[in-house]
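A short write-up of the structure that comes next.
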Number of protein chains: 2
Amino acid sequence: MLNPLLFYKALADDTRLKSLLLITEQQELCVCELMTALDQSQPKISRHLAQLRKANILQDRRSGQWVFYSLHPALPAWANQVLQQTLLANQSYLAPCRQQLTLVSGRPVEQACC
Amino acid sequence: MLNPLLFYKALADDTRLKSLLLITEQQELCVCELMTALDQSQPKISRHLAQLRKANILQDRRSGQWVFYSLHPALPAWANQVLQQTLLANQSYLAPCRQQLTLVSGRPVEQACC
DNA sequence: AATGAATATATGATTATTCGCATATTTAGC
DNA sequence: GCTAAATATGCGAATAATCATATATTCATT
């Protein structure tokens, strides 16, 4: 029960769109990982992630001092497909962020498939 | 070469999203058809369509006194798929508009497939 | 319990979008 | 050429979204 208008409003911001696409690709990311990937301030990242969480697009999971965000399991299939297609077809939009992305837990950075 | 952020900004407005989805479904629509379908003023519809045209998402074609808008032929495949999926998966969002839609040329109103 | 790192939120200022209204433009029919 | 219908645009007002800064919270470490 996610209204398409609310969904696209959530995507209509550079910080939120890049965060969402990176999370779609990497399964889950924490605030500080997105801070360095997008080179944005902590309150800015946190605020936008909170917005996506309130819209039921993301879920969060606390692990010690970190809070990891991932796609909400109840996200409609069509929304999921929209994110996947946008990710695959717009690698150049995301490339600079992925390059700056370093994961705090040491796990490897996922590469776009294909 | 349509930036995903610009594309989603274009979808992040009720008037524009409904117009785009209706056009995706009906192939092409003119301003006055969208006015009645969405129950909005002429300048409002016209202004939003102009915005979509400037973003290279729509193209326009004049036929007598009417200007018909359709999806731009150079619209990237991923954007096209996003529109199609959004349309198919959100019939209830569009239903009231489609119900009020009457075509000036007398051609039949397309129904959502499936 | 004190400190520091990571995250969240409150708030006022700034900026971007949208709107309504008035008016201009284009075309068809007379 | 005049009028009416359809469409487009200019402009200031209203609304919404975003931002930076400051501060609060939570947890691990000592």
Side-chain angles (χ1 to χ4, degrees), chain A residues 3 5-20 22-23 26 28-70 100-107, chain B residues 3 5-20 22-23 28-70 101-107:
Chain A
N3 181 288
L5 178 59
L6 295 181
F7 180 65
Y8 289 123
K9 281 195 177 195
L11 302 201
D13 172 271
D14 191 60
T15 301
R16 288 196 299 272
L17 183 56
K18 282 176 176 158
S19 297
L20 258 176
L22 279 178
I23 289 171
Q26 305 292 326
E28 66 174 8
L29 291 172
C30 67
V31 177
C32 65
E33 289 168 339
L34 287 167
M35 284 175 59
T36 62
L38 305 194
D39 193 29
Q40 297 288 341
S41 73
Q42 181 273 320
K44 185 169 173 179
I45 297 287
S46 178
R47 162 179 232 74
H48 282 295
L49 291 177
Q51 215 174 317
L52 293 170
R53 176 168 33 86
K54 275 166 199 153
N56 285 320
I57 296 173
L58 292 182
Q59 72 175 168
D60 62 345
R61 163 181 85 84
R62 179 174 276 277
S63 173
Q65 48 198 155
W66 297 312
V67 175
F68 286 94
Y69 285 85
S70 55
Q100 282 186 228
L101 177 63
T102 46
L103 305 183
V104 292
S105 63
R107 70 210 132 95
Chain B
N3 181 287
L5 178 58
L6 295 181
F7 180 65
Y8 289 123
K9 280 195 177 193
L11 302 200
D13 173 89
D14 192 59
T15 301
R16 288 196 300 271
L17 182 56
K18 281 175 177 156
S19 298
L20 259 176
L22 280 178
I23 289 171
E28 66 174 9
L29 292 172
C30 66
V31 177
C32 65
E33 289 168 338
L34 287 167
M35 282 175 60
T36 62
L38 304 195
D39 193 31
Q40 297 288 339
S41 74
Q42 182 273 321
K44 184 169 173 179
I45 298 288
S46 177
R47 159 171 250 104
H48 283 295
L49 291 178
Q51 214 173 318
L52 292 170
R53 177 167 33 87
K54 277 167 197 151
N56 285 320
I57 295 173
L58 292 182
Q59 71 176 171
D60 62 344
R61 165 180 84 86
R62 178 173 277 277
S63 172
Q65 50 197 154
W66 298 311
V67 175
F68 287 94
Y69 285 86
S70 54
L101 178 64
T102 47
L103 304 183
V104 291
S105 63
R107 70 209 133 95

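A, B, ... follow the sequence lines: proteins, then strands. Residue 1 opens every chain. Computed from a prediction, not measured in an experiment: that's the story for all the values here.
- The CD1-C1' distance, from B:I45 to C:dC21, rounds to 16 Å in whole Å.
- Residue B:Q51 has its side chain nearest to C:dT18 when only C:dC19, C:dA8, C:dT18 are considered.
- Between the CD atom of A:Q65 and the C1' atom of C:dT7 there is a distance of 10 Å, given to the nearest Å.
- What you find for A:L22 and A:L29 is that their closest heavy atoms are CB-CD1, 3.7 Å.
- A donor-acceptor pair under 3.5 Å is formed between the side chain of A:R62 and the backbone N or O of A:G64.
- Closest to the side chain of A:S41, from the set D:dA20, C:dT9, C:dA22, is D:dA20.
- Atom CG of A:L34 is separated from atom P of C:dA6 by 14 Å (rounded to the nearest Å).
- Residue B:Q40 places no side-chain N or O under 4.0 Å from the OP1 or OP2 atom of C:dC19.
- Panel note: side chain A:Q100, backbone A:T36; a donor-acceptor pair is recorded below 3.5 Å.
- Interface remark: the A:Q42 side chain does not form any donor-acceptor pair with the C:dA6 base, using a distance-only criterion of under 3.5 Å.
- Nearer the 5' end of DNA chain D, as judged by each residue's closest nucleotide, is the contact made by A:D13, out of A:D13 and A:R62.
- Close to D:dC19, at under 4.0 Å from its OP1 or OP2, lies a side-chain N or O of A:H48.
- Listed here is the closest heavy atom pair of A:I23 and A:S70: CG2-CA, 3.7 Å.
- Between C:dT17 and B:R16, no contact under 4.0 Å exists linking OP1 or OP2 to a side-chain N or O.
- Set against D:dT9, D:dA6, C:dT7, the side chain of B:R47 has D:dT9 as its closest nucleotide.
- One can place CG of B:L103 at 15 Å from P of D:dA6, the figure rounded to the nearest angstrom.
- Between the side chain of A:S46 and the backbone N or O of A:Q42 there is no donor-acceptor pair closer than 3.5 Å.
- Contact annotation: B:S46 does not reach the phosphate of D:dT7 (side-chain N/O to OP1 or OP2, under 4.0 Å).
- Heavy-atom distances to DNA chain C give each of A:K54 and A:V104 a nearest nucleotide, and the one nearer the 5′ end belongs to A:V104.
- Closest to the side chain of A:R53, from the set C:dT18, D:dT7, C:dT9, is C:dT9.
- D:dA6 atom P lies 8 Å from atom CE of B:M35, rounded to whole Å.
- Taking every side-chain heavy atom of A:C32 into account, C:dT7 is the closest of C:dT7, D:dA20, C:dA6.
- Regarding A:L5, its CG atom lies at a distance of 11 Å from the P atom of C:dT18, rounded to whole Å.
- Nearest nucleotide to the A:K9 side chain, out of C:dT17, D:dA17, D:dA22: D:dA17.
- Atom CZ in B:F68 sits roughly 16 Å away from atom C1' in C:dT26 (whole-Å rounding).
- In terms of heavy atoms, B:F7 sits closest to B:I57 at CD1-CD1, 3.9 Å.
- Map A:P43 and A:G64 each onto its nearest nucleotide of DNA chain D; the residue landing nearer the 5' end is A:P43.
- Side-chain N/O atoms of B:Y69 include one lying less than 4.0 angstrom from OP1 or OP2 on D:dA8.
- Across the protein-nucleic acid pair, A:K44 atom NZ and C:dT15 atom P stand 14 Å apart, rounded to whole Å.
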